[in-house]
Structures are given as structure tokens and as C-alpha cells.
There are 2 protein chains.
Amino acid sequence: MIELPNKSPLYLQVRDQIVAGIAAGDWPVGDALPSEFELAQKLGVSQGTVRKGLDALVAEGVLIRRQGIGTFIADAPDAWGSAELLDTYGVALTTVIELLACSRVHASDEVAAALGLRRGIQVYSIKRLIRVGADAFGVEEICVPSDQFEGLDARRIKQAGGNPRGVFLKQFGLRLLEGTPRLRTVLAEREVARLLQLEVDFPLLESIRVAQTLDGRKIEWSRLLCRTDRYAYRPNCDA
Amino acid sequence: MIELPNKSPLYLQVRDQIVAGIAAGDWPVGDALPSEFELAQKLGVSQGTVRKGLDALVAEGVLIRRQGIGTFIADAPDAWGSAELLDTYGVALTTVIELLACSRVHASDEVAAALGLRRGIQVYSIKRLIRVGADAFGVEEICVPSDQFEGLDARRIKQAGGNPRGVFLKQFGLRLLEGTPRLRTVLAEREVARLLQLEVDFPLLESIRVAQTLDGRKIEWSRLLCRTDRYAYRPNCDA
DNA sequence: GAGTGGTCTAGACCACAAA
DNA sequence: TTGTGGTCTAGACCACTCA
């Protein structure tokens, strides 16, 4: 291990080295890391210390361990995938996501405040429709600062299966960790009502989350508006 | 360690031994466990293994470690305490809880189904009002099977500072772990509207959670109904 | 100084998956 | 059979708290 006058425990330094390696693209998504013993030798620590360092990243969903095989870089799960949708009897339902638009707009005051940006700065706004069967369940808007994701567009997102997180990770090298949602009930405005085929003022559930990078920069704001008359929403917040 | 033909790793067996010890009341709330080395000797394993066994319980909030001092049995946090309440600008607010009632009733079908009980069996129903300042923010109902908590009443809950979880733990030896909430928007019915000083059909946020014991028995159903026009609710689900 | 949690090592062995 | 993750040990030292 490179010996800096660093007070933090060795295993955290190991963690940071791995994070740096991932950010530098040493191991693309799906690749295996060197084995725990190799890493230990390379970093000059014992296998147990490497293991403890990797534990945190496994817990954060960045790495996936497979016994007998290796430790792999995890793919970026869809933000919506971190939630569950249940019918009125508690049975989980599967959803389909439809990309509606990806455009460059001025950040609303709310988004700018949540991400610590200057008011009115440019952000990419990604809108998606979430369906369960033929039913429109909710609409989601994702905002990210445009200067960090130059050239983001609908085509790229569609190529990644409609998953913006996949693009953020593979094209821009940024992995995001979900924050805890802020929940409110709101009444449907015109555009949302139209998309969900509901009347205006239909009561909806609003879930707002801010996601951050591995090193703690808040970088993605998202809002889900969904109907909960036929379904229940379970957010699965770990963060 | 008592050698049963047990396939599970030693550190999980250690965890289970500690859980059993806690359930048996070996160490009341606030007490220190024996030191890691003492436990290691007593159970015939190494300190590292004991440590790993305790890690899980610390993560679950059952134990609290204090460096240089010892490892302690954690108190039962109030169920409501696992959530946060924010104003419209994201600033956290403090709440006051008022116990409304504790009564013995027949379980609704919904509660019975969620807890795996026979329909119509008796449960204790605890109702509480959550205030922020002078404002009524929400009402909460907690249901637990009456046969597990014989003699529960408002007096006992008040003695524990209005925290039912404290009573469950200290009087009945049961520690509960919070589950992930199921969320819906609902319209206020008459009684709830009256308690919250809102008109009937005011849109509210409903959060339903099931909590379980350390060994996985679902034992507590709770429903929070709250207004989110002035506040945002952040559930903090770990489970 | 004594006792606690917290970290680290070197080496061992097991469980599992693949060639 | 080989290489991987997964567990465990014995012993060492550090960091912190308290008497």
C-alpha cells in the first residue's frame, strides 16, 4: 500500500484504491477484479484486509462476489428497479419502462437547490413512463447537470435499454447511489394526468430522491409521480 | 462452541447464541455484554469470529459498540423515530407523539392477512397522534396479536414514554425490526379528518409497515396516515 | 495502567465452479 | 486439479476511556 500519512484504516484505503481503479476504468462493467490474494500482494496488505475493503463495495452494490469464480463489477441497476410495485394483495408486479423524452432545459429552483447548482443552470431532463401491463402507473423525471453529461440524448439511453444509469456508468464513468425518498401526495396536473389517463387533480404519490456518486457528490434528482389506487409503492431505500 | 451438526458458519452460530442470550434476558437493556475476548473464550472461538458475529447485530441496531467501553444492548427506538419529517425546504423537524388509545379489538382482514393470523382474532390496537409544534401531522395505528402481549394497556405504554416498542422489548422481551413501507395516497375518512383538523376527503399519505422479530416472525402491523401539504415524509427503511 | 473495541497479519482450511 | 471466494485462528498492536 502506498504509505501516505493517512490516518484512516488500511481496509478503507483499499476500498478507495478500488474505487479509484473503477473510476479510472481499469475494469469495465462485467469484468472480474484480480483475485483477493493478487490484490493483497499488489497493495502490500493481507487477504483479510482486502476482503474487508471489498465488503463495503459489495454492500453498496458496486461489486458482486461469486464464490469459486471471482469478484465482478456490477452493472448499474435502473433507478426504478430499486423499488417494488405491489397489487392490493401484496403480490409483486412487473413493470415496463417507456422512454418519453430527453431534453436540455433550465433547472427549476427546486432541482438546482437539491443538487447545489446555480439557479437556472442547464440540466438534462429525462422523462419516462412506467407501465404495469397496459396500465400507465407513473411518470418519472430525472435531472442531471448538463456539463457532466455532455452529449446525452434519447438515442444513447435507448441503446442502454432505456436505463439512464447504464449510460451514466458506461459512457460517463459515474456510478450513482440512491438516496432516501421524500414523499408527498400531490394532485395531478394537466400533462401528468394526460399521460396517466386520469382526470386533473387525481391524487398521486410523489417520490423525490437525490442520488450521489461514490465520493458523495449529489448529481441526480428524480421525481416519480404515480397512482396508488390500484397499486402500492414500496421504495426499498437503503442508502 | 457447542458442536451441533450445523452447517452454518461459526460467526452466524455466535450471532444466534447472542440473540438467544438476549431473548433469555441474560443482559437487560443498557447492560454491557461480556467483552469480545470473554465471549470468544466462553464460546470456544477466536475474537475475530465473535466480532464478525456481533457485526450483524450492530448493523441491525440491536447492539451498540463504544470503543474503550464495551458493547451494549440497545434500547428499542420508537417506530416513528425511524422516519424523518421535513419542511418544504428539506429542513428536518422535530415531532411530539401523543398516545390516544390502546384497546383490544378484532383484527381486520387486512391486519390478519399481513401478520398471518386467523381472521377476526383479537389484537391490541394502539393509536397515536403525531404533532409538529401545535400542528397535527398524522395518526398512527399499531396492531399486535393480543396473545403475545397479555396485559398491554395505555398505562404501561405511558410509563415507557409513550413508546410501544419499549414495552414490547422490556416487558415482553421482543425486539422488532422495521420492514419496508407500502405507500399509497388515500382520502381522509371522518375520524382521521377530525383528529388532523382537516376536511373529509383531504388527500393523505398512507404508510403501512410490518415489523418482525429477530427470528423472522411478523408480529406488528402499523399504518401511518399523514398530511403532506406542509411537510414531506422520509421513511428511512433499512430492513 | 488496565480493559475495552478496532485493525491487521500469516497461514490454514473449506466450499464451490470450471477446465 | 486448479483457482476463486469464504471462514477461522492465534497472536499482535493501536486507539480510546476510565479509574
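Chain letters run A, B, ... following the sequence lines, proteins first, then strands; residues in each count from 1. It should be emphasised that the depicted structure is a prediction, and the values quoted were computed from it without experimental measurement.
Distance CD (A/Glu38) to C1' (D/dT4): 11 Å, rounded to an integer number of Å. As a whole-Å value, the separation of B/Arg15 CZ from D/dT7 C1' is 18 Å. Following rounding to the nearest Å, B/Leu63 (CG) and C/dT4 (C1') show an atom-to-atom distance of 15 Å. The distance between atom CD of B/Gln41 and atom P of C/dG3, rounded to the nearest whole Å, is 14 Å. Across the protein-nucleic acid pair, B/Leu39 atom CG and C/dG6 atom P stand 14 Å apart, rounded to whole Å. Rounded to an integer number of Å, the gap from CZ of B/Arg51 to P of C/dG5 is 8 Å. Following rounding to the nearest Å, B/Leu33 (CG) and C/dG6 (P) show an atom-to-atom distance of 13 Å.
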For nucleotides 8-19 of chain C, just jot down a letter per nucleotide in 5' to 3' order: B, S or -, based on protein non-hydrogen atoms under 4.0 Å. SB-----BBSS-

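Counting non-hydrogen atoms of other residues, nucleotides and ligands closer than 6.0 Å to CD of B/Gln41 gives a total of 12 or fewer.
Taking the six-membered ring for Trp and thresholds of 30 and 60 degrees, A/Phe172 and A/Phe149 have ring planes more than 60 degrees apart, a perpendicular arrangement.
A cation-pi contact, defined as under 6.0 Å to the ring centre and within 45° of the axis, links B/Arg66 to B/Phe72.
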Given salt bridge (charged side-chain N to carboxylate O under 4.0 Å, His left out), test A/Arg65 with A/Asp55 step by step and report yes or no. CA-CA 10 Å; A/Arg65 285 204 183 102; A/Asp55 279 343; 2.9 Å; yes

How far apart are the C-alpha atoms of A/Glu178 and A/Arg165, what are their side-chain angles, what is the distance that settles it, and do they pass the salt bridge (charged side-chain N to carboxylate O under 4.0 Å, His left out) test? CA-CA 11 Å; A/Glu178 205 68 83; A/Arg165 292 280 175 87; 3.3 Å; yes

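Using a distance-only test at 3.5 Å, with no hydrogens or angles considered, no donor-acceptor pair links the side chain of B/Thr228 to the main chain of B/Ala232.
Taking side-chain N and O atoms only, B/Thr71 has a distance below 4.0 Å to OP1 or OP2 of C/dG5. An OP1 or OP2 oxygen of D/dG6 is reached within less than 4.0 angstrom by a side-chain nitrogen or oxygen of A/Arg65.
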